[in-house]
Protein chains: 2
Amino acid sequence: MASAKTTEFSESEQQLATFAKALAHPARIAILKILAAQNECICGKIVEVLPLAQSTVSQHLKELKTAGLIKGTIDGPKSCYCINWDAFEAVNKEFGFLFSSLQKEKGKACC
Amino acid sequence: MASAKTTEFSESEQQLATFAKALAHPARIAILKILAAQNECICGKIVEVLPLAQSTVSQHLKELKTAGLIKGTIDGPKSCYCINWDAFEAVNKEFGFLFSSLQKEKGKACC
DNA sequence: TTAACTTATCGTTTTTTTACGATAATTCAA
DNA sequence: TTGAATTATCGTAAAAAAACGATAAGTTAA
């Protein structure tokens, strides 16, 4: 009967999947690019540029914020969003770590 | 009325999102780790290790294959899956490119 | 050939994601 | 204070993802 399925997914696997999910929509990648390119974190501008309704953009922003990739502050009637560089650096490193750890075994490939 | 929402998402944004989606589930990350760690690409072993039904694992494998991250060959009654290192290297570079291009603007952050 | 084994696919259900319009809440300008 | 502007949230609908059991299709060993 072989071994039991006792292995739940590890913390790091879950966290990586969470970050990947945050990046798993072109609108959210576009938002990150916009936030990075503009020195002002104008939120309304994003709605103008993206082919999505304001409420949908707001939802994507919320997901990015929940994932920790961006942070937002209230600026008068407007909202100011920015990339959370600390978290972003962490994600970058985690992905890099995954990639490099996978590649260590590269030589053994059989197909 | 500002500018029209003519900007669809770019090719690179869509492709990145597709790859991210492939990584957006802990089971698929776990599968990649298993494939990388074993010098044999035994498929059935994955089912034993993961807390998922065989059909579900098969589905995840198919998604990874569709995304191009792995490739599979038939080995008798069994199936042999391996990481597609070429594609993987491409993904790695694309992510790295995204991260570094975003970070170029880092100094301008406003919040 | 038959039986056992391995894996993909099918059908289905449940959950999550994506999207929108409408509305509420907040702030600034008149 | 009123009105315009901005954004978040609510309610909802449609689409996609995730999961499972059952089944089919293939291969090897007896």
Side-chain angles (χ1 to χ4, degrees), chain A residues 1-3 5 7-9 13-14 17-31 34-35 38 40-67 69-82 111, chain B residues 1-3 5 7-9 13-14 17-31 34-35 38 40-67 69-82 111:
Chain A
M1 225 67 72
S3 63
K5 299 177 186 176
T7 313
E8 284 302 323
F9 302 113
E13 282 161 359
Q14 295 187 48
T18 299
F19 284 133
K21 192 177 291 183
L23 298 175
H25 194 289
R28 292 195 287 271
I29 290 186
I31 287 172
I34 294 169
L35 288 184
Q38 305 220 322
E40 304 177 292
C41 314
I42 307 154
C43 170
K45 296 289 175 186
I46 299 172
V47 177
E48 290 179 11
V49 174
L50 297 188
L52 296 170
Q54 179 267 323
S55 57
T56 305
V57 171
S58 201
Q59 211 168 290
H60 283 302
L61 284 167
K62 191 180 181 183
E63 287 178 60
L64 286 170
K65 195 175 177 184
T66 299
L69 290 177
I70 66 174
K71 46 186 176 177
T73 59
I74 298 168
D75 177 23
K78 307 179 183 180
S79 269
C80 169
Y81 283 103
C82 303
C111 60
Chain B
M1 224 67 73
S3 62
K5 300 177 185 176
T7 313
E8 285 303 322
F9 301 113
E13 281 161 0
Q14 295 188 48
T18 298
F19 285 132
K21 193 177 290 183
L23 299 175
H25 194 290
R28 293 195 286 271
I29 290 186
I31 288 172
I34 294 169
L35 289 184
Q38 306 220 322
E40 305 176 291
C41 313
I42 307 155
C43 171
K45 297 288 175 187
I46 298 171
V47 177
E48 290 178 12
V49 175
L50 296 188
L52 296 170
Q54 179 267 324
S55 57
T56 306
V57 172
S58 201
Q59 208 168 292
H60 282 304
L61 285 167
K62 190 179 180 184
E63 286 178 62
L64 285 170
K65 196 175 176 184
T66 299
L69 291 178
I70 66 175
K71 45 187 175 177
T73 58
I74 298 169
D75 176 22
K78 307 178 182 178
S79 269
C80 170
Y81 282 103
C82 304
C111 59

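Just the heavy atoms: all of them, side chains too, but no hydrogens, waters or symmetry mates, feed the values below. Residue numbers begin at 1 in each chain, while the letters A, B, ... track the order of the sequences.
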- [ ] For Ile46(A) and dT6(D), give me the distance from atom CD1 to atom C1', rounded to whole Å.
- [x] 13 Å
TODO: Give the angle between the helix axes at the two ends of the helix from dT1(C)-dA30(D) to dA30(C)-dT1(D), taking five base pairs at each end and rounding to 10°.
DONE: 20°
TODO: Can you measure from NE2 (His25(B)) to CG (Leu64(B)) and round to the nearest 0.5 angstrom?
DONE: 11.0 Å
Task: Atom of Phe19(A), atom of Ala67(A) and distance for their closest heavy-atom approach - done: CE2-O, 3.3 Å
Task: Footprint string (nucleotides 14-20 of chain C, 5' to 3'): B base within contact, S backbone only, - free, heavy atoms under 4.0 Å - done: ---SBBB
- [ ] Give a yes or no on whether the backbone of Gln54(B) and the side-chain of Ser58(B) come within a donor-acceptor separation of less than 3.5 Å.
- [x] no
- [ ] Give the minimum heavy-atom separation between Lys65(B) and Tyr81(B), together with the two atoms involved.
- [x] CD-CE2, 4.1 Å
Task: Distance-minimising heavy-atom pair for Glu8(A) and Pro51(B) - done: OE2-CB, 3.7 Å
Measure all distances between protein nitrogen or oxygen atoms and nitrogen or oxygen atoms of nucleotides 12-15 of chain D, and list the pairs falling under 3.5 Å.
none

TODO: Indicate whether OP1 or OP2 belonging to dA8(D) is found under 4.0 Å from a side-chain N or O atom of Tyr81(A).
DONE: yes
- [ ] Taking only the side-chain nitrogens and oxygens of Ser58(B), find out if one of them lies under 4.0 Å from OP1 or OP2 of dA8(C).
- [x] yes
TODO: Supply the atom-to-atom distance Ile31(B) CD1 to Leu52(B) CG, rounded to the nearest 0.5 angstrom.
DONE: 8.0 Å
Task: Inter-residue atom distance Ile74(B).CD1 - Cys43(B).SG, 0.5 Å rounding - done: 11.5 Å
Open item on the list: Quick check for you: to the nearest 0.5 Å, what is the distance between Leu23(A) atom CG and Thr18(A) atom OG1?
Closed with: 11.0 Å
Open item on the list: To the closest 0.5 Å, what do you measure between NZ (Lys45(B)) and NZ (Lys78(B))?
Closed with: 7.5 Å
Task: Length of the CD1-C1' vector between Ile70(B) and dT7(C), whole Å - done: 13 Å
Task: Protein proximity profile, nucleotides 25-30 of chain C - base contact B, sugar-phosphate-only contact S, no contact -, cut-off 4.0 Å on heavy atoms - done: --SS--
Open item on the list: Filter on salt bridge (Lys or Arg N to Asp or Glu O under 4.0 Å), then keep only pairs touching residues 54-63 of chain A, sequence neighbours left out; what's left?
Closed with: Arg28(A)-Glu63(A)
Task: Nearest heavy atoms of Ala24(A) and Ala24(B), plus distance in Å - done: CB-CB, 4.5 Å
Open item on the list: What is the distance, to the nearest angstrom, from the NZ atom on Lys62(B) to the C1' atom on dA19(D)?
Closed with: 15 Å
Open item on the list: In whole Å, I'd like the distance from the CD1 atom of Ile42(B) to the P atom of dC5(C).
Closed with: 18 Å
- [ ] Answer yes or no: does a side-chain N or O of Ser79(A) lie under 4.0 Å from OP1 or OP2 of dT6(D)?
- [x] no
- [ ] Apply side chain to side chain donor-acceptor pair (under 3.5 Å) to Gln59(B) and list each qualifying residue two or more places apart in sequence or on a separate chain.
- [x] none
Open item on the list: Could you measure the distance from the CD1 atom of Ile34(B) to the CG atom of Leu50(B)? Nearest 0.5 Å is fine.
Closed with: 4.5 Å
